[in-house]
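One structure is given here, and the rest of the page talks about it.
The sequence lines fix the lettering, A, B, ..., with proteins before strands; numbering per chain opens at 1.
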Amino acid sequence: MNDQIDHHISPIRTYIIVFMALMVFTGITVWVAFQDLGYLNTFVAVTIAVIKATIVAWYFMHLKSSAKITRVVALAGVIWLIVMFALTMSDYAARSWIPFPDPW
Amino acid sequence: MSNSHSPHLHHHFHSLEQQRQASSLGMWVFIAQEIMFFGGLFCGYVVYRNMYPEAFAVASHQLSIGWGGFNTVVLIFSSLTVALAVRSAQLGKKNQIIGWLVATILLGVIFLGVKCIEYSAKWEHHLVPGIHFNYEPHYTDDALHESTGSEHGTDHHPAPAVYPGHVQIFFAFYFAMTGMHALHMIIGIGLMIWIIWLATKDRFAPEYYAPVELFGLYWHFVDVIWIFLFPLLYLIGRHVT
């Protein structure tokens with residue numbers, strides 16, 4: 001095992017920069033909400049949120065210096081979330097494909 | 001580096017490093033199930049927002065971007081103070097751990113205070129789901145046209161742009177999601193008080209600070225949830241009006 005892996009202590013500067021980046025992305029997400037991008041508005045909003053979440057997880061939550069197994073578990077949480085969304089949404093999206101038989 | 005005789009090392013671990021990785025792995029497993037827990041709420045939100053996009057946009061306009069944005073800044077700032085508390089723990093600086101955690105508690109209380117202001121405003125405007133829910137639909141030609149989404153809307157009777165029941169669904173999600181998020185913050189503030197107490201008892205050292213580190217993970221996770229809640233609840237369809 002790598003004994004140095006968790007002894008890495010980030011400098012305060014790193015945390016300040018991460019904080020500033022999160023502030024900038026917050027500003028962008030508010031600004032972009034008022035721009036008419038059609039159906040892309042929600043997509044852009046969620047993309048920015050995913051970027052912000054990744055920054056928080058990587059630097060604040062120390063995934064940057066975590067063991068590989070920890071990163072795998074973090075990723076697994078996201079993958080199961082995607083599975084839940086994919087199965088739920090495929091159901092709702094496909095419901096109209098097959099016409100309901102007339103019950104009477 | 002030999003950790004074998006450290007008083008902080010539990011006997012079933014090889015080294016402090018292994019002990020640290022195990023505790024952090026356990027916390028991430030908990031966070032993974034928290035992702036699924038909030039994920040269920042987000043999933044329901046997506047289903048109903050796809051069903052009633054106009055109602056969700058109109059309902060979202062009832063929320064204050066000012067308060068929501070302010071709280072976003074407060075919460076991200078509190079993530080910074082927690083990160084600095086964990087850093088102080090890594091360096092073994094007890095007073096700094098306490099100082100940064102007190103700052104985090106204050107920021108958490110400010111967040112919850114703003115939430116109280118927002119909730120009471122919703123209560124006064126009868127926007128809390130239940131028997132007192134009352135949303136006056138707007139009857140406008142433009143909105144009618146948009147809501148029917150068709151060219152042959154001219155021979156229709158005037159219909160509300162959105163139905164109050166659909167607006168109520170949005171607020172059900174709003175209160176469930178922000179309420180569950182706020183509950184996590186209240187628990188987090190309780191945990192911080194406990195960790196401050198441990199710090200005053202000199203329980204932490206550079207080689208053992210697991211409660212601080214794991215609490216940090218929890219608080220950052222709560223921050224991440226808000227990072228998604230803010231645009232999805234407060235910022236829907238803002239470009240329309």
Side-chain angles (χ1 to χ4, degrees), chain A residues 1-12 14-16 18-19 22-23 25-27 29-30 32-38 41-42 44-46 48-50 52-53 56-57 59-63 66-67 69-78 80-82 84-85 88-89 91-93, chain B residues 1 3 14-18 20-21 24-25 27-29 31-36 38-40 42-44 46-47 49-51 65 68-69 72-73 76-77 79-80 82-84 86-87 90-91 206 213 216-217 219-221 223-225 227-232 234-240:
Chain A
M1 290 299 283
N2 183 357
D3 262 27
Q4 301 302 315
I5 199 162
D6 230 1
H7 294 281
H8 178 76
I9 299 171
S10 304
I12 289 181
T14 305
Y15 289 134
I16 302 285
V18 167
F19 170 74
L22 291 171
M23 286 293 105
F25 277 116
T26 302
T29 202
V30 172
V32 86
F34 288 91
Q35 314 304 312
D36 191 355
L37 307 176
N41 270 94
T42 306
V44 171
V46 173
I48 293 172
V50 168
K52 285 169 75 180
V56 171
Y59 292 100
F60 279 169
M61 298 172 89
H62 297 157
L63 279 187
S66 289
I69 182 72
T70 308
R71 290 184 200 167
V72 168
V73 168
L75 197 62
V78 177
W80 284 115
L81 183 71
I82 293 169
M84 178 165 71
F85 268 82
T88 308
M89 290 309 137
D91 173 26
Y92 278 95
Chain B
M1 51 193 299
N3 299 318
H14 253 294
S15 64
L16 285 167
E17 183 56 36
Q18 189 199 32
R20 193 157 26 218
Q21 286 186 0
S24 136
L25 180 65
M27 192 64 193
W28 271 102
V29 171
I31 288 173
Q33 77 78 28
E34 284 275 81
I35 291 174
M36 293 307 281
F38 277 99
F42 279 101
C43 211
V46 172
V47 167
R49 186 172 160 189
N50 275 327
M51 283 185 190
I65 291 186
T72 306
V73 173
I76 292 176
F77 192 53
S79 249
L80 175 66
V82 160
L84 293 174
V86 174
R87 189 177 180 277
Q90 290 172 326
L91 296 169
E213 165 85 20
L217 292 176
W219 194 261
H220 293 311
F221 168 77
D223 184 24
V224 165
I225 293 298
I227 283 172
F228 283 93
L229 286 180
F230 175 55
L232 291 178
Y234 288 77
L235 299 174
I236 311 173
R238 291 287 181 176
H239 56 278
V240 176

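In plain terms, the two heavy atoms of B:Ile65 and A:Phe34 that are nearest each other are CD1-CZ, 3.4 Å. Taking both residues in full, the closest heavy atoms of B:Phe230 and A:Thr26 are given as CE2-CG2, 4.5 Å, listed atom of the first, atom of the second, then distance. Here the closest non-hydrogen pair linking B:Pro231 and A:Ala45 is CB-CB, 4.1 Å.
In terms of heavy-atom pairs under 4.5 angstrom with chain A, the leader among B:Ala83, B:Ser79, B:Gly69, B:Cys43 is B:Cys43. Contacts with chain A were tallied for B:Ile76, B:Val224, B:Leu217, B:Val29; B:Ile76 has the most, counting heavy-atom pairs under 4.5 Å. With respect to chain B, the highest number of heavy-atom pairs below 4.5 Å among A:Val78, A:Leu75, A:Val50 belongs to A:Val50.
B:Asp223 contributes atom CG, which lies 7.5 Å from atom CG of A:Leu22 (distance to the nearest 0.5 angstrom). For the atom pair B:Ile227 CD1 and A:Phe25 CZ, the distance stands at 11.0 Å (nearest 0.5 Å). Atoms OG1 and NZ, from B:Thr72 and A:Lys52 in turn, are 6.0 Å apart once rounded to the nearest 0.5 Å. Here the CD-CE distance, from B:Glu213 to A:Met61, works out to 10.0 Å after rounding to the nearest 0.5 Å.
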B:Gln21 and A:Thr70: CA distance, side-chain angles, deciding distance, side-chain contact (heavy atoms from CB on, under 4.5 Å) verdict
CA-CA 8 Å; B:Gln21 286 186 0; A:Thr70 308; 5.6 Å; no
CA sep, side-chain torsions, deciding dist, call: B:Leu232, A:Val46, side-chain contact (heavy atoms from CB on, under 4.5 Å)
CA-CA 8 Å; B:Leu232 291 178; A:Val46 173; 4.0 Å; yes
Worked verdict on A:Phe85 versus B:Val46 for side-chain contact (heavy atoms from CB on, under 4.5 Å)
CA-CA 9 Å; A:Phe85 268 82; B:Val46 172; 3.6 Å; yes
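Both the backbone and the side chain of A:Ala53 come within contact range of chain B, each with at least one heavy atom under 4.5 Å from a heavy atom of that chain. Using a 4.5 Å cut-off between heavy atoms, A:Val56 touches chain B through its side chain atoms alone. Heavy-atom distances place the side chain of B:Met51, and not its backbone, under 4.5 Å from chain A.
For A:Asp36, the salt bridge (Lys or Arg N to Asp or Glu O under 4.0 Å) test picks out no residue, with sequence neighbours left out. Partners of B:Ile35 according to the side chain to side chain contact (heavy atoms under 4.5 Å, CB included) rule, which considers only residues two or more places apart in sequence or in another chain, are A:Leu81, B:Ile31, B:Phe221.
For B:Arg87 (side chain) and A:Ser10 (main-chain N/O), a donor-acceptor pair under 3.5 Å exists by modelled atom type.
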